[in-house]
Amino acid sequence: MADDKKLVEEITPMEEDFTQWYTDVCIKAELVSYSSIRGCTVFRPLGYAIWENIRNELDMRFKQTGVENVYLPMFIPESLLDKEKEHVEGFAPEVAWVTEGGLNKLPERMCVRPTSETLFCDFYKDIVHSYRDLPKVYNQWCSVVRWEKNTRPFLRTREFLWQEGHTVHATAEEAEERTVQMLDLYADFCEQILAIPVIKGKKTDKEKFAGAEATYTIEALMHDGHALQSATSHNFGDGFARAFGIQYTSKDNKLEYVHQTSWGFTTRTIGAMIMVHGDNSGLVLPPRIAPVQVVIVPIRQNKEGVLDKAHEIAEKLGAFSVKVDDSDKSPGWKFAEHEMKGVPLRIEIGPKDIENNKCVAVRRDTREKYDISLDEVDAEVAKILEQMQNDMFDRARKHRDEHTYTAKDYEEFKEIINTKPGFVKAMWCGDQACEDKIKADTTATSRCMPFKQEHISDVCVCCGRPAKHMVFWGKAY
RNA sequence: CGAGGUGUGGCUAAGUUUGGUAUAGCGCUGCGUUCGGGACGCAGAGGUCGCAGGUUCAAAUCCUGUCACCUCGACCA
């Protein structure tokens, strides 16, 4: 009983206080630490390793679609940021400015990039001249700074890591194709690797990116029923091209403006992963993204042969990322520790097992135990991890579906949004006034107009006028 | 920026009302015994009580000022 008490003291149960649970997991699983820089966190090895795995997998997928990586400066002169009106208005409230260099005041202040559209545009205007120069499909991995007032680990920090892809194309069709292609790529990645089911759709004008013609998004539902935008892909049309003068000569010798896109995926999605899969013992990592997939805990490790056997098993599991925990902590301590850190599979090996030529494997998500013969440990582990990955996705999808409701009229809408955490599907007339009213009345926002439209009713859930779109609504992070 | 709250070893706190040797638990170091769900014994290390003034024989404690951080709102990946 005393042991149980200690366990619950470590992490606040999510039923009690989801926000506190989330913070506890981030800190106690050693994903991040608060730093002495307000609003910025330190990525500790586990947190950064997750990001590295995300980056490696995404980068590989990008490159398969023709993406090339570049790196642009982190400073943007004010005059450059000012060139696209909507864009600068969208970002102005949250940029950090550099006003001095060395001992001298700068002639023009520069911001630390909050996003790099303007820099890419400034660059593209110099290197794009002919239709032969197109398309350019560039991406950069970097950090950006947005001077947020309220911050939370992963979800909102003043500096965060991301990738930002910026492309230029000859035609509007090609740009649109790329925008959707990258959204699909993000969605597949989230579902296959992070085991997070997502809704693909288009943002309303109110919610779209500052300066974009259209913004596409993938939206996920967290365990507490809040929505989280997990990646976005924007089609800029030729708006930025006109502001920055990015023109090329076409095959028939006409001067044309390029069409552009940008798309981004951030460390925020690590927060999504925590909030979709985690439980009261801590983090639960999908096997395909876990930095350590299998941890081997020797029992009575000082006894002759036990550690050797543990390392022997690790060697047999060479196809996976395996760690033998031979620290001098007690086995019980190790169990709790690795559960907190979300290691998908634990293998226990002790003298009794060695006698029987077996080991015990325990799944992190269900705590299901398996007796595995040492002769087929690699095949069995592969099977369990595969099953776990699939089960995690299925569970998350089931949770989302069970927390997705439909509303036909405003009373029903308000009732659901205020009492049942989750998505609400409802029709919308297309007028921003209704979005504003809904937000004022309920704090819910339009998450997206899903590609898979459904007909729920003929009229807008808010004003009763003829409906144009079915919208996913929800309270968002 | 608006409203609340908190600053005492690495962490969590007690002590502040009523001034009088700086406390506890966890963690950390060493040695030994343990080991199938957060083990135990013994011995140690570690703090100018957020900062600056002031009152006093004496300040973590009282007074003045200041800084930092947290939570909740409005804004946002």
Side-chain angles (χ1 to χ4, degrees), chain A residues 1-11 17 19-20 23-24 27-28 33-40 89-95 114-115 143-152 154-164 186 203 206-210 215 217-220 227-234 262-272 281-282 297-303 306-307 325-341 346-356 358-362 367 369 371 439-440 443 445 476-477:
Chain A
M1 273 322 266
D3 292 347
D4 289 352
K5 188 158 178 279
K6 184 153 194 186
L7 273 174
V8 294
E9 272 172 3
E10 287 288 341
I11 299 174
D17 183 345
T19 303
Q20 192 59 50
T23 310
D24 284 354
I27 300 301
K28 291 184 173 141
S33 278
Y34 289 109
S35 71
S36 47
I37 296 91
R38 180 173 151 71
C40 298
E89 281 172 3
F91 280 99
E94 51 184 4
V95 293
T115 177
S143 74
V144 288
V145 169
R146 299 183 187 175
W147 215 250
E148 304 289 352
K149 287 167 182 145
N150 261 2
T151 58
R152 298 185 59 197
F154 297 117
L155 301 177
R156 190 167 299 109
T157 48
R158 286 183 169 175
E159 181 187 10
F160 59 91
L161 300 171
W162 78 348
Q163 62 62 220
E164 48 178 330
Y186 288 142
K203 285 285 190 189
K206 176 182 164 71
E207 299 286 331
K208 78 179 181 188
F209 182 81
T215 290
T217 178
I218 49 175
E219 297 286 327
L228 189 78
Q229 176 179 312
S230 300
T232 48
S233 185
H234 317 289
S262 83
W263 22 275
F265 189 102
T266 81
T267 39
R268 166 181 258 195
T269 308
I270 296 175
S281 300
V297 177
I299 310 295
R300 298 199 54 195
Q301 64 187 31
N302 293 335
K303 197 169 182 291
V306 171
L307 267 184
D325 186 347
D326 58 1
S327 68
D328 61 2
K329 299 285 188 183
S330 72
W333 191 92
K334 293 176 187 176
F335 296 167
E337 175 72 4
H338 296 297
E339 282 175 7
M340 186 141 66
K341 292 191 171 175
R346 172 177 84 236
I347 289 179
E348 301 170 20
I349 178 79
K352 280 186 267 173
D353 296 313
I354 294 172
E355 266 175 44
N356 298 310
K358 71 163 186 81
C359 62
V360 177
V362 186
R367 287 198 170 76
K369 288 197 176 184
D371 270 337
K439 186 169 184 193
T443 76
T445 52
Y477 273 100

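The chains referred to below are lettered A, B, ... by the order of the sequence lines, with proteins before strands, and numbering in each begins at 1. Atoms considered below: every heavy atom in the structure, side chains included; atoms not considered: hydrogens, waters and symmetry mates.
Computed from coordinates, the A:Asp353 CG to B:G36 P distance equals 13 Å when rounded to whole Å. Nucleotide B:G10 holds its P atom 18 Å from the CD1 atom of A:Ile27, rounded to whole Å. With rounding to whole Å, A:Gln301 atom CD is found 13 Å from B:G36 atom C1'. Put simply, CZ on A:Arg367 is 15 Å from C1' on B:G36, counting in whole angstrom units. The separation between A:Ile299 atom CD1 and B:A39 atom P is 12 Å, rounded to whole Å. Taking atom CG on A:Asn302 and atom C1' on B:U34, their separation rounds to 9 Å, with Å as the unit. Nucleotide B:A77 holds its P atom 17 Å from the CD atom of A:Glu159, rounded to whole Å. Between the CG atom of A:Asp328 and the C1' atom of B:C35 there is a distance of 11 Å, rounded to whole Å.
Here, B:G47 and B:C35 have their C1' atoms 36 Å apart, quoted to the whole Å. Nucleotides B:A45 and B:A52 have their P atoms positioned 28 Å apart, rounded to a whole Å. Across B:G2 and B:U64, the matching P atoms stand 22 Å from one another, rounded to whole Å. Separation of the P atoms belonging to B:U23 and B:G46 is 14 Å when rounded to the nearest angstrom. For B:C57 and B:G10, the P atoms lie 34 Å apart once the distance is rounded to whole Å. For the P atom pair drawn from B:A68 and B:A13, the interatomic distance equals 22 Å after rounding to whole Å. Look at the P atom in both B:G20 and B:A60: the space between them is 9 Å, to the nearest Å. Rounded to whole Å, the separation between the P atoms of B:G27 and B:C42 comes to 15 Å.
Here the shortest heavy-atom pairing between A:Ser230 and A:Thr269 reads O-OG1, 3.0 Å. The two residues A:Gln301 and A:Asp325 come nearest to each other via the heavy atoms OE1-O, 3.9 Å. Here the closest non-hydrogen pair linking A:Pro114 and A:Val95 is CG-CG1, 3.5 Å. Residue A:Thr19 comes nearest to A:Arg152 through the heavy atom pair CG2-NH2, 3.6 Å, listed as atom of the first residue, atom of the second, then distance. In this structure, A:Thr151 and A:Gly39 approach most closely via the heavy-atom pair OG1-CA, 3.5 Å.
Base contact: A:Glu348 has a heavy atom under 4.0 Å from a base atom. Looking at heavy-atom distances under 4.0 Å, A:Arg158 makes no contact with the nucleic acid at all. When heavy atoms are screened at a 4.0 angstrom cut-off, A:Leu155 is found touching base atoms of the nucleic acid. As judged by a 4.0 angstrom heavy-atom cut-off over every strand, A:Val360 is placed among the base-contacting residues. Contacts of A:Pro331 with the nucleic acid, taken as non-hydrogen atoms under 4.0 Å apart, include base atoms. Within 4.0 Å (heavy atoms only), A:Phe154 reaches at least one base atom of the nucleic acid.
Here A:Tyr477 pairs with A:His226 under the ring pair (Phe, Tyr, Trp, His ring centres under 6.0 Å) rule; sequence neighbours left out. Looking at residues two or more places apart in sequence or on another chain, you find a ring pair (Phe, Tyr, Trp, His ring centres under 6.0 Å) between A:Phe209 and A:His87, A:Phe91, A:His234, A:Phe236. For A:Lys303, the side-chain contact (heavy atoms from CB on, under 4.5 Å) partners at least two apart in sequence or on another chain are A:Arg300, A:Val306, A:Pro351.
Between the side chain of A:Arg346 and the base of B:G37 there is at least one donor-acceptor pair of N/O atoms closer than 3.5 Å.
Picking from B:A77, B:G36, B:C76 the nucleotide with the shortest atom distance to the side chain of A:Glu94 gives B:C76. Taking every side-chain heavy atom of A:Arg156 into account, B:A77 is the closest of B:A77, B:G36, B:C35. Minimum atom distance to the side chain of A:Lys352 is reached by B:G36, of the listed B:A77, B:G36, B:C35. When each of B:G37, B:A77, B:C35 is scored by its nearest atom to the side-chain atoms of A:Ala336, the top-ranked nucleotide is B:G37. With distances taken from any side-chain atom of A:Arg300 to the nucleotides B:C35, B:A39, B:G37, the minimum falls on B:C35. If you check B:A39, B:A77, B:C35 against the side chain of A:Phe160, the one that comes closest is B:A77.
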Legend entry - Evaluation steps, salt bridge (charged side-chain N to carboxylate O under 4.0 Å, His left out), between A:Arg346 and A:Glu337: CA-CA 11 Å; A:Arg346 172 177 84 236; A:Glu337 175 72 4; over 6 Å; no
Inset, instruction - For side-chain contact (heavy atoms from CB on, under 4.5 Å), just list the numbers for A:Lys203 and A:Gln229, CA-CA rounded to whole Å, side-chain angles, deciding distance to a tenth of an Å, and then say yes or no. - result: CA-CA 10 Å; A:Lys203 285 285 190 189; A:Gln229 176 179 312; 3.1 Å; yes
Inset, instruction - Test side-chain contact (heavy atoms from CB on, under 4.5 Å) on A:Thr115 and A:Arg146 and set out the steps. - result: CA-CA 9 Å; A:Thr115 177; A:Arg146 299 183 187 175; 3.7 Å; yes
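Here the straight-line distance linking atom CG of A:Asp371 with atom CD of A:Glu348 works out to 10.0 Å at 0.5 Å rounding. Between A:Arg268 atom CZ and A:Leu155 atom CG the span is 6.0 Å, to the nearest 0.5 Å.
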Tabulated below should be each protein N or O lying under 3.5 Å from an N or O of nucleotides 71-74 of chain B; please produce it.
none

Enumerate all atom pairs, one protein N or O and one N or O from nucleotides 11-13 of chain B, separated by less than 3.5 Å.
none

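Here A:Ser330 reaches the OP1 or OP2 of B:A39: one of its side-chain N or O atoms lies under 4.0 Å away.
Comparing A:Lys329 and A:Glu148 against RNA chain B, the residue whose closest nucleotide sits nearer the 5' end is A:Lys329. Both A:Gly90 and A:Gly39 sit near RNA chain B, but only A:Gly39 has its closest nucleotide nearer the 5' end.
A stem is defined here as three or more consecutive Watson-Crick or G-U pairs, each with both distances under 3.5 Å; for RNA chain B these stems are B:1-7 with B:67-73, B:10-13 with B:23-26, B:28-33 with B:39-44, B:50-54 with B:62-66.
Looking at A:Tyr34 and A:Ile27, their side chains come closer than 4.5 Å, going by heavy atoms from C-beta outward.
Taking a 6.0 Å sphere around CG of A:Asn356, one finds it holds more than 12 heavy atoms contributed by other residues, nucleotides or ligands.
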